[in-house]
Chemist: 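Below you will find the structure I want to go over with you.
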Amino acid sequence: MFPSADDLSRRLEAAKYIIDPVMRHVVYLADRMQKPIIVEGPPGTGKTELAVAIAWAGDTVIERLQCYEGITEEKAIGKFDPALQELFLRTQAELIRKDWQDIRDSLHSLNFFVQGPLLRALLREQPCVLLIDEVDKVDQAFEAMLLELLSAWQISIPKLGTVTHNSIPFVVMTSNETRSLGDPLRRRSLYLRMEHPTVEREIEILAVRSTTEDPLLRRQMAGLAKALRAWSMQKPPSIAELLDLAQALEIMAVREITAEMRDVLLPFLAKTEGDRKRLLLRDGFQSLVVTANKYRDLPIEVQ
């Protein structure tokens, strides 16, 4: 999808996705080598957004498989549509030779198969981005099923046979590390580690992704996010939630975050009862604002 690393950099910049040089080169190499990428790290660090940005930069679509505990191969690959098969038997069977093998072959073809995201990604005429989101939530059996896809770019389906690719997708697998991924999956993939951004990087993200024009307010918001994440919260604020906060402050025409704004900002910053109680302590939010102001007043240079 990308003829050079510089081309990728320009396109990601146009997509408003901030990426460091090392990560940019890994994405470029994964594209050229047709290797999947495992992107691992805490929730809210921009892992899913990376796949979305790559799809935008590559001017292609994204096929997304949202993983969860108990997900089945049927959900990921697809299944035969019995209602459509029955309709065919009622209306079209007489138009083909009255040979059971012919009828069975027709019923067990892609024409009667409702495709899931994994199969759709392989059958697209042009390469797409295949996002396998939160792959750490699947069990080992499901993980093993992915190995055929990622090794041979094909899927074996009972009654249908082996379906090979029309194009090879750019595969991004994200993990929040709720379970350690198996070595076979890791061996077939390149690896990226994502942590919460530094204050400097978050200021840069706010400058690109938000409409906040005041550089001091951007610094204060980035400092507040840093302080919250260092506070051992049950759910630290994500990059997306910080962008929501920036939008809210813009709507309210706020130029500076103060301790008195605590109750209004709580819905953006504290999303568990435990975190809410901590921020409602007498000096809890005020101390965070003091820390945020220290970052605001530092001579931070954004690269």
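Computed from a predicted model, the values in this text were never measured in an experiment. Start at 1 with the first residue, then count along the sequence.
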Chemist: Counting C-beta onward and ignoring hydrogens, is there a side-chain heavy-atom pair between Val254 and Met261 closer than 4.5 Å?
Modeler: yes
Chemist: Side chains of Asp133 and Val172: closer than 4.5 Å at any heavy-atom pair?
Modeler: no
Chemist: Minimum heavy-atom separation for Leu217 and Leu249, please, with both atom names.
Modeler: CD1-CD1, 4.2 Å
Chemist: Report, as yes or no, whether the 6.0 Å neighbourhood of atom CD on Gln140 holds more than 12 heavy atoms from other residues, nucleotides or ligands.
Modeler: no
Chemist: Could you tell me whether Arg201 and Glu204 have a side-chain N and a carboxylate O separated by less than 4.0 Å?
Modeler: yes
Chemist: A quick test of your reading: do over 12 heavy atoms of other residues, nucleotides or ligands sit less than 6.0 Å from NZ of Lys75?
Modeler: no
Chemist: Let's go through Ile155 and Thr162 carefully: what are the C-alpha distance in whole Å and the side-chain angles of both, what is the deciding distance for side-chain contact (heavy atoms from CB on, under 4.5 Å) to 0.1 Å, and is it a yes or a no?
Modeler: CA-CA 6 Å; Ile155 297 177; Thr162 300; over 6 Å; no
Chemist: With salt bridge (Lys or Arg N to Asp or Glu O under 4.0 Å) as the test, pick out the partner of Glu202 among Lys226, Arg219, Arg229.
Modeler: Arg229
Chemist: So which atom in Met194 and which in Met23 form the shortest heavy-atom distance, rounded to 0.1 Å?
Modeler: CE-SD, 3.6 Å
Chemist: Are the side chain of Arg188 and the backbone of Pro184 linked by a donor-acceptor contact shorter than 3.5 Å?
Modeler: yes
Chemist: Might you point out which heavy atoms bring Phe88 and Leu107 nearest each other, and give the distance in Å?
Modeler: CD2-CD2, 3.5 Å
Chemist: With rounding to the nearest 0.5 Å, note down the distance linking CD in Glu13 to CD1 in Ile19.
Modeler: 12.0 Å
Chemist: Do we get Arg11 above Trp56's six-membered ring, with its NZ or CZ under 6.0 Å from the centre and within 45° of the axis?
Modeler: no
Chemist: Do the non-hydrogen side-chain atoms of Asp81 and Phe112 ever get within less than 4.5 Å of each other?
Modeler: no
Chemist: Give the intermediate values and the outcome of side chain to side chain donor-acceptor pair (under 3.5 Å) for residues Thr174 and Glu134.
Modeler: CA-CA 5 Å; Thr174 71; Glu134 298 185 275; over 6 Å; no
Chemist: Evaluate the criterion side-chain contact (heavy atoms from CB on, under 4.5 Å) for residue pair Leu181 and Glu40; output intermediate values, then yes/no.
Modeler: CA-CA 10 Å; Leu181 301 180; Glu40 206 163 47; 4.3 Å; yes
Chemist: Before accepting this row, confirm whether a basic side-chain N of the pair Asp214/Arg255 lies closer than 4.0 Å to the acidic partner's carboxylate O.
Modeler: yes
Chemist: Would you say the side chain of Ser238 lies within less than 4.5 Å of the side chain of Thr45, judging by non-hydrogen atoms?
Modeler: no
Chemist: So, the side chain of Ser175 versus the backbone of Glu177: is there a donor-acceptor pair under 3.5 Å, distance only?
Modeler: yes
Chemist: Would you check, one step at a time, whether the test side-chain contact (heavy atoms from CB on, under 4.5 Å) holds for Leu288 with Leu228?
Modeler: CA-CA 7 Å; Leu288 293 172; Leu228 285 163; 3.4 Å; yes
Chemist: For a 4.5 angstrom cut-off between non-hydrogen side-chain atoms, does Val264 reach Met252?
Modeler: yes
Chemist: Check the side chains of Glu148 and Ser156 for a donor-acceptor pair under 3.5 angstrom, ignoring hydrogens and angles.
Modeler: yes
Chemist: Can Asn176 and Lys47 be said to form a side chain to side chain donor-acceptor pair (under 3.5 Å), step by step?
Modeler: CA-CA 9 Å; Asn176 294 332; Lys47 301 185 296 296; 2.9 Å; yes
Chemist: Does Leu50 reach the side chain of Leu192, with side-chain heavy atoms less than 4.5 Å apart?
Modeler: yes
Chemist: With sequence neighbours left out, write down each residue that passes side chain to side chain contact (heavy atoms under 4.5 Å, CB included) with Lys79, or none if nothing qualifies.
Modeler: Glu74
Chemist: Apply side chain to side chain donor-acceptor pair (under 3.5 Å) to the pair Arg218 and Ser210, showing each step before the final yes or no.
Modeler: CA-CA 9 Å; Arg218 291 199 294 262; Ser210 77; 5.8 Å; no
Chemist: Of all the heavy-atom pairs spanning Thr258 and Phe285, show the shortest one and how long it is.
Modeler: O-CE2, 3.6 Å
Chemist: Who passes ring pair (Phe, Tyr, Trp, His ring centres under 6.0 Å) against His196, sequence neighbours left out?
Modeler: none
Chemist: Evaluate side chain to side chain donor-acceptor pair (under 3.5 Å) for Asp275 paired with Thr272, printing each intermediate quantity in order.
Modeler: CA-CA 5 Å; Asp275 289 341; Thr272 70; 3.2 Å; yes
Chemist: Closer than 4.0 angstrom, basic N to acidic O: yes or no for Arg120 and Glu63?
Modeler: yes
Chemist: Can the ring centres of Phe113 and Phe80 be said to be less than 6.0 Å apart?
Modeler: yes
Chemist: Looking at Arg179 and Glu143, is there a salt bridge between them, counting it only when a charged N and a carboxylate O are closer than 4.0 Å?
Modeler: yes
Chemist: Look up atom CD1 in Ile205 and atom CD in Glu200, then write down how far apart they are to the nearest 0.5 Å.
Modeler: 11.5 Å
Chemist: Would you name the heavy atoms of Val163 and Ile157 that are closest together and state the gap between them?
Modeler: CG2-CD1, 4.1 Å
Chemist: Under a 3.5 Å cutoff, is there a donor and acceptor pairing between the side chains of Tyr28 and Arg32?
Modeler: yes
Chemist: What are the two closest non-hydrogen atoms of Ser180 and Arg186, and how far apart are they?
Modeler: OG-NH2, 4.2 Å
Chemist: In the structure I gave you, are the side-chain heavy atoms of Leu265 and Ile257 within less than 4.5 Å of one another anywhere?
Modeler: yes
